[in-house]
Amino acid sequence: MTNPHDLDPAEQRKRIIAGRNRALALVLFGLVVLFFAITIVKMK
Amino acid sequence: MSTAPAQPIPLPADWRDFLSLTKPRVMSLVIFTGLCGMLAAPVPVDPVIGFVAILCIAIGAGGSAALNQWWEADLDARMKRTAARPLPAGRMDRTSARDFGIALSVGSVLVMGLAVSPLAAAILAFSIFYYAVIYTIWLKPRTPQNIVIGGGAGAFPPMIGWIAATGQITLMPVLLFAIIFFWTPPHFWALALFVETDYAAAGIPMMPVVAGHQSTRRQILVYAVLMLPIAMAPFWLGVAGWLYGASALLLSAVFLLLALRVAVFRGTAGDMDMRPEKRLFAYSVLYLFILFAMLVADRFLVG
């Protein structure tokens, strides 16, 4: 397994940005589900 | 033509650094007390709306914590306890932290208003403003009473939880607010006693730095004495049952005993490992968790 400290800065940057994008996608998906659920409840 | 060597472009902040801006450990207490405030209410809450309310409380707390770290980045760099945070450690720029804090704060208030109630959103907005502006920017660098007044920020979650369930402010949420309000000074001053040098290095006027250890210990005791009747008030005023009353009495008595040890038996520089202070601080966290848990238990078991 690659030691993160052996990564060059460009590779580190790519990994950090990829990690942030995944976290953001998860949050956005969660918000979509949440707003859908809120809409269902409010319609009752 | 000479050219200066190219400056390395700083790496972007990792998502974990953004998460740490929200002070997750503090957020757990906020979530818990908010949830207890909601569950202690005498009306059922729709699970989805209840979840949204607690989520908004948590995100609002996270937003105000991020703004706190944005404002205090320079101070945090001077304290051992906080020097490893993303901003003082150079892992994030201040603009990102500020914008992240604002986004969380505004988003949480908006969603609370749309999904739960305007009143809950208004109280949440005020609590965020209270912590980020009144406490962090105004009071903390100016007065040793910063914790006394600023402690109000941490007292809002159970009130917001109650309002999210009932839609109104009544006696009980005010009492819950008062419990945390009076709990905050002894909790933080116990901490300040054993990290005093950190606060002094940063120039923050915490009570032990300004007024000295003896005065701080006396004041911890005063608040511990006040906490007993305030914690008992829900039982005495008939808004909580005997299970809560007995728990509040026992828990507050232990708190008072530990505060007494800090105030009376620590009069000289004998036991310098600060064990009574650390014990009181650790117990104060447990105190709040158990007290609020018993409030909920009382609601469901005693009624």
Side-chain angles (χ1 to χ4, degrees), chain A, chain B residues 5-22 24 27 44-60 62-63 66 86 89-93 96-97 99-100 103-104 106-118 120-121 164-165 167:
Chain A
M1 188 155 100
T2 311
N3 185 338
H5 297 290
D6 295 336
L7 295 173
D8 69 333
E11 189 58 35
Q12 264 186 300
R13 180 180 304 278
K14 271 175 62 176
R15 286 198 175 203
I16 289 170
I17 291 174
R20 276 168 63 156
N21 289 343
R22 278 193 293 272
L24 196 59
L26 206 65
V27 167
L28 287 173
F29 178 73
L31 283 175
V32 166
V33 171
L34 192 67
F35 290 155
F36 181 70
I38 293 169
T39 309
I40 300 293
V41 168
K42 291 287 190 183
M43 277 169 56
K44 281 188 195 167
Chain B
Q7 294 290 332
I9 300 169
L11 289 172
D14 188 74
W15 65 267
R16 294 172 193 84
D17 289 324
F18 280 97
L19 183 63
S20 77
L21 277 184
T22 65
M27 199 191 287
V45 185
D46 180 277
V48 172
I49 302 302
F51 175 78
V52 171
I54 298 304
L55 187 66
C56 289
I57 291 171
I59 292 173
R91 297 196 303 274
M92 185 186 295
D93 62 290
S96 295
D99 294 347
F100 182 64
L104 290 186
V106 171
S108 63
V109 171
L110 274 176
V111 174
M112 182 74 97
L114 290 171
V116 183
S117 78

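From a predicted model like this one, the values you see are computed outputs, not experimental measurements. Numbers restart at 1 for each chain; the letters A, B, ... are given by sequence-line order, proteins then strands.
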Review point. Has the side chain of A:Arg20 got a donor or acceptor atom that lies under 3.5 Å from a matching backbone atom of B:Arg16?
Key: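 No: the side chain of A:Arg20 does not pair with the backbone of B:Arg16.
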
Check your understanding: Is chain A contacted by the side chain of B:Leu19, its backbone, both, or neither, given a heavy-atom distance below 4.5 Å?
Key -> neither

Point to revise | Region of B:Asp14 that comes under 4.5 Å of a non-hydrogen atom in chain A | key: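 Contact with chain A involves both backbone and side-chain atoms of B:Asp14.
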
Exercise for review: Examine whether an atom of A:Ala23 lies under 4.5 Å from a heavy atom of chain B, and if so say whether it belongs to the side chain, the backbone or both; otherwise answer neither.
Suggested key: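 Contact with chain B involves the side chain of A:Ala23 alone.
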
Practice item. Just do the side-chain contact (heavy atoms from CB on, under 4.5 Å) check on A:Leu34 and B:Phe51 with the steps written out, would you? Key: CA-CA 9 Å; A:Leu34 192 67; B:Phe51 175 78; 3.6 Å; yes

Review point. If every non-hydrogen atom of A:Lys42 is compared with every non-hydrogen atom of B:Leu114, which pair is closest and at what distance?
Key: CE-O, 3.9 Å

**Study point:** Chi angles and distances behind the side-chain contact (heavy atoms from CB on, under 4.5 Å) call for B:Trp15, A:Ile16
**Key:** CA-CA 8 Å; B:Trp15 65 267; A:Ile16 289 170; over 6 Å; no

Revision key, fill the gap. d(B:Asp46 CG, A:Ile38 CD1) to nearest 0.5 Å is 10.0 Å

